[in-house]
Participant: 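Take this structure, written in structure tokens, and hold onto it; I'll ask about it next.
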Amino acid sequence: MKVLTWNINSVRLREPIVLKVMEGLAPDIVCLQETKCPDPQFPFKNFEKAGYGHMHFQGMKGYNGVAILSKIPFHKVHAFNRVGKNDCRHIAVEVVSKKIKKPIAIHNLYVPAGGDIPNVDENDKFAHKLDFVDELKDFFAKSYARTEPMIAVGDFNIAPLEHDVWSHKQLIDVVSHTPVEVEKLSAMQKSIGWVDAIRTFVPHTEKLYTWWSYRNQDWKASNRGRRLDHIWVTAPLAGRLKSHHIHKEARDWPQPSDHVPVMLELDL
DNA sequence: ATGGTAGGTACCCTA
């Protein structure tokens, strides 16, 4: 089973390259963030034609929005409101695999970016981000056991490790890599023992990015990236990880997203 | 230290 996550920054504008990724990488399940599309306008037809007939999405006008497009039918679907807002940042599905008994829950997350100032007293967006991650920690801890097979993917908007950013020193006070955010994400990871699946394939000493800002005139030459997009699994799936792929070439396509697709293959 | 780009929307917000 191949699960792919991608922040596409408008599903309507980026529909052709989502289809291109589906064709090229053949993921079974595609989780999108920042669809920026109200549900009645979601462009489902070509995804259906491409074999992704099972869809679950929650979008709104202008901002945010998450979607799960799948070749595999859903056993159940969920949509969540987080920190008292209905802002379309968290949905989940359950799928059944032949190889394990329990249905596998797949959570698609779009954690708030958090604004520019890393201070909760001066910046409500940063406070919202920290509260969001806190709430996810509590949610996973109270809703699930460590023995349940689960996958969490998405744009977490936090690069936790030293080599998840181009310069640990220069980004230590930049939102996405501050100690307080890393601490919150670490607590969320510990909630039910999430394993950072992508980093099991790449040593922590090696630079690894999934996002390059639009504001660099040559993203590849400057290579000032960050690893903001993640795939986590719980213990029952940790022994079933087969391969990973960061589809960096997508950053060079015309009208690219600033994030690239991240894919995990599991033996399921 | 600063400002750089992109998308959606409606003349500005978020990233």
Side-chain angles (χ1 to χ4, degrees), chain A residues 5-21 31-43 57-67 81-90 108-120 122-133 153-160 164-167 169-178 180-181 184-185 209-230 247-262:
Chain A
T5 180
W6 195 10
N7 177 322
I8 31 93
N9 185 16
S10 171
V11 68
R12 283 172 287 184
L13 188 73
R14 236 72 80 180
E15 182 193 342
I17 60 171
V18 173
L19 290 164
K20 184 174 172 176
V21 163
C31 298
L32 304 174
Q33 303 85 36
E34 271 205 275
T35 54
K36 294 186 172 177
C37 181
D39 294 344
Q41 278 116 273
F42 194 90
F57 44 78
Q58 194 187 42
M60 59 192 284
K61 192 175 166 182
Y63 309 104
N64 311 333
V66 280
N81 291 335
R82 289 271 154 252
V83 267
K85 294 176 197 273
N86 184 15
D87 60 355
C88 306
R89 293 176 178 276
H90 182 189
N108 183 13
L109 303 167
Y110 177 45
V111 175
D116 289 330
I117 305 162
N119 181 321
V120 294
E122 295 170 38
N123 174 9
D124 291 342
K125 286 187 281 203
F126 193 67
H128 179 221
K129 181 179 197 174
L130 297 185
D131 290 347
F132 191 99
V133 178
V153 312
D155 177 3
F156 294 5
N157 265 315
I158 299 172
D164 288 341
V165 293
W166 63 275
S167 168
K169 207 173 173 180
Q170 285 178 258
L171 292 175
I172 196 77
D173 293 322
V174 173
V175 173
S176 74
H177 193 62
T178 64
V180 61
E181 291 168 86
K184 296 281 185 196
L185 191 69
Y209 313 136
T210 64
W211 173 89
W212 291 261
S213 173
Y214 284 126
R215 294 175 191 176
N216 288 321
Q217 62 168 28
D218 187 336
W219 72 276
K220 206 186 269 177
S222 56
N223 197 25
R224 294 184 166 189
R226 303 178 202 171
R227 188 170 73 109
L228 302 179
D229 304 276
H230 301 271
H247 205 50
K248 204 173 159 182
E249 67 170 76
R251 189 63 183 78
D252 254 346
W253 294 345
Q255 281 201 299
S257 168
D258 45 356
H259 297 252
V260 298
V262 176

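In the text below, chain A, chain B and the rest are named by the order of the sequence lines, each starting its count at 1.
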Participant: Please check if the number of heavy atoms outside A/Asp116 that lie under 6.0 Å from its CG is greater than 12.
Facilitator: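 No.
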
Participant: How long is the line joining CG of A/Asp116 and P of B/dT2, in whole Å?
Facilitator: 13 Å

Participant: Looking only at atom C1', what distance separates B/dA10 and B/dT14, rounded to whole Å?
Facilitator: 15 Å

Participant: Output the rounded distance in Å from CD (A/Gln33) to C1' (B/dG7).
Facilitator: 16 Å

Participant: Just checking, is any N or O donor in the side chain of A/Thr5 or A/Gln33 under 3.5 Å from an acceptor N or O on the other one?
Facilitator: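 There is such a pair between these side chains.
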
Participant: Using a 3.5 Å limit on both pairing distances, list the dot-bracket string of DNA chain B from the 5' end; Watson-Crick and G-U wobble pairs count, crossing pairs take [ ], interstrand pairs take |.
Facilitator: ....((((...))))

Participant: Would you classify A/Arg224 as touching base, sugar-phosphate or nothing, given that sugar-phosphate means primed atoms plus P, OP1 and OP2, and contacts are heavy atoms under 4.0 Å?
Facilitator: nothing

Participant: Just by protein heavy atoms under 4.0 Å, how would nucleotides 8-15 of chain B read 5' to 3' in B, S and -?
Facilitator: SSS--SSB

Participant: For the C1' atoms, the ones on B/dA1 and on B/dC13, what distance do you get once it is rounded to whole angstrom?
Facilitator: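 Per the computed distance, 25 Å lies between those C1' atoms.
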
Participant: Do you know which two heavy atoms are closest between A/Asn119 and A/Phe126, and how far apart they sit?
Facilitator: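 Reported closest heavy-atom pair: N-CD2, 3.6 Å.
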
Participant: Among residues at least two apart in sequence or on other chains, which ones pass salt bridge (charged side-chain N to carboxylate O under 4.0 Å, His left out) with A/Lys248?
Facilitator: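 By the salt bridge (charged side-chain N to carboxylate O under 4.0 Å, His left out) rule, A/Lys248 matches no residue at all.
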
Participant: Using the P atom on both, measure B/dA15 against B/dT9 and round to a whole Å.
Facilitator: 15 Å

Participant: Separation of A/Asn216 atom CG from B/dT5 atom C1', in whole Å?
Facilitator: 10 Å

Participant: Under the salt bridge (charged side-chain N to carboxylate O under 4.0 Å, His left out) test, which residues partner A/Asp87, sequence neighbours left out?
Facilitator: A/Arg89

Participant: Name all residues meeting the ring pair (Phe, Tyr, Trp, His ring centres under 6.0 Å) criterion together with A/Tyr110; count only those two or more places apart in sequence or in a different chain, and write none if there are none.
Facilitator: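 A/Tyr110 satisfies ring pair (Phe, Tyr, Trp, His ring centres under 6.0 Å) with no residue once adjacent residues are dropped.
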
Participant: What do you reckon, is CG of A/Asp173 surrounded by more than 12 foreign heavy atoms closer than 6.0 Å?
Facilitator: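 Check fails, neighbour count at 12 or below.
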
Participant: Can you pull out every salt bridge (Lys or Arg N to Asp or Glu O under 4.0 Å) where at least one residue sits in residues 9-21 of chain A? Sequence neighbours excluded, please.
Facilitator: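 Qualifying pairs, neighbours excluded: none.
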
Participant: Provide the distance between the two P atoms, one in B/dT2 and one in B/dA6, to the nearest whole Å.
Facilitator: 23 Å

Participant: Checking A/Trp6 against A/Asp229: is there a side-chain donor and acceptor pair closer than 3.5 Å?
Facilitator: no

